[in-house]
Amino acid sequence: MPLAHISLRTGKTDAYKQAIFDSVYLALRETFNVPEDDQFMTITEHDAANFRYGASYLGVARSDDLVFIQITANNTRTEAQKKALFRRTAELLGENPGIRSEDVFVSLVEVLKENWSLGNGLAQYA
């Protein structure tokens with residue numbers, strides 16, 4: 001039950017943003033074994049004054065097309081699955097909507113299974 005928060009600069013088309021949703025979801029399905037219809041994602045757009053990044057931190061040449069993807073998920077995945085998620089996300093976003101791998105920034109936040117309520121005030125995984 002991952003929850004993805006995606007941040008990018010304003011000015012992209014709806015089709016571009018939908019392609020981001022589709023690519024992130026497919027990467028999660030392929031690498032984290034996320035079931036069909038387990039899609040919980042938001043996109044937040046920011047103007048230039050409210051979007052800041054290190055253009056060359058750790059030797060990665062980033063551009064204004066940078067996309068921040070923060071994924072909150074259960075702490076049940078292996079290191080290999082996490083690396084596969086990062087790699088596959090960059091590959092799929094490169095294919096559609098055409099984001100350079102240098103501009104794909106993924107942060108994984110891991111939580112205990114009992115820290116979720118998916119509705120009705122219940123802790124479904126506890």
Whether Y25 side chain and D37 backbone form a donor-acceptor pair below 3.5 Å: yes
Roughly how far apart are I71 CD1 and L3 CG, rounded to 0.5 Å? 9.5 Å
Ignoring hydrogens and geometry, is there a side-chain-to-backbone donor-acceptor pair from Q124 to L118 under 3.5 Å? yes
What are the two closest heavy atoms between N96 and S23, and how far apart are they? O-OG, 2.8 Å
Should I6 and I20 count as side-chain neighbours, where that means a heavy-atom distance under 4.5 Å? yes
May I ask you to decide if Q70's main-chain N or O and S107's side chain share a donor-acceptor pair within less than 3.5 Å? no
Gap between atom OG1 of T76 and atom CZ of F32 - 0.5 Å precision: 8.0 Å
Looking at R62 and E102, does any basic side-chain N land under 4.0 Å from a carboxylate oxygen? no
Would you indicate whether D14, at its atom CG, is surrounded by more than 12 heavy atoms from other residues, nucleotides or ligands within a distance under 6.0 Å? no
Do P2 and V34 make a side-chain contact, defined as non-hydrogen atoms from C-beta onward lying under 4.5 Å apart? yes
Which atom pair, heavy atoms only, marks the closest approach of M41 to V24? SD-CG1, 4.1 Å
Exam field: side chain R9 to backbone D64, donor-acceptor pair closer than 3.5 Å: no
Taking every heavy atom of N74 against every heavy atom of W116, the minimum-distance pair comes out as OD1-NE1, 2.6 Å
Please determine whether the number of non-hydrogen atoms from other residues, nucleotides or ligands lying under 6.0 Å from atom CZ of F105 exceeds 12. no
CA sep, side-chain torsions, deciding dist, call: V104, I69, side-chain contact (heavy atoms from CB on, under 4.5 Å): CA-CA 8 Å; V104 178; I69 303 166; 4.3 Å; yes
Could you check whether any side-chain N or O of R77 sits under 3.5 Å from a backbone N or O of N75, counting only pairs where one atom can act as donor and the other as acceptor? no
Give a yes or no on whether the backbone of V106 and the side-chain of T89 come within a donor-acceptor separation of less than 3.5 Å. no
Reported CD-to-CD1 distance for the pair E45 and I43, which is rounded to 0.5 angstrom: 7.5 Å
Going through the checks in order, is the side-chain hydrogen bond (donor to acceptor under 3.5 Å, both in side chains) test met by D22 and Q18? CA-CA 6 Å; D22 293 344; Q18 187 60 53; 3.0 Å; yes
Looking only at heavy atoms, what is the nearest atom pair of A19 and L93, with distance? O-CD2, 4.5 Å
Kindly give the heavy-atom pair with the smallest separation between Y16 and P97, and that separation in Å. CD1-CB, 3.4 Å
For S63 and D103, test the side chains for any donor-to-acceptor distance below 3.5 angstrom and give the result as yes or no. yes
Identify whether the distance between the nearest side-chain nitrogen and carboxylate oxygen of D65 and K12 falls below 4.0 Å. yes
Mind checking the CG-CE spacing from D38 to M1? Nearest 0.5 Å is all I need. 6.0 Å
After noting the C-alpha distance and the side-chain angles of K82 and R87, does the key distance pass the side-chain contact (heavy atoms from CB on, under 4.5 Å) rule? CA-CA 9 Å; K82 295 171 196 177; R87 183 176 45 256; over 6 Å; no
Give, for atom OG of S117 and atom CG of N115, the distance between the pair rounded to the nearest 0.5 Å. 11.0 Å
Taken to the nearest 0.5 Å, the spacing of F68 CZ from H46 NE2 works out to 8.5 Å
Note: with side-chain heavy atoms under 4.5 Å as the link, the other cluster members for L26 come out as L92
Ignoring hydrogens and angles, tell me if any N or O in the side chain of Y125 forms a donor-acceptor pair with the backbone of L112 under 3.5 Å. no
Quick one: do E91 and R88 make a salt bridge, cutoff under 4.0 Å? yes
Sidechain-backbone polar pair: S56 side chain, G59 backbone, donor-acceptor under 3.5 Å: no
Should L8 and L66 count as side-chain neighbours, where that means a heavy-atom distance under 4.5 Å? no
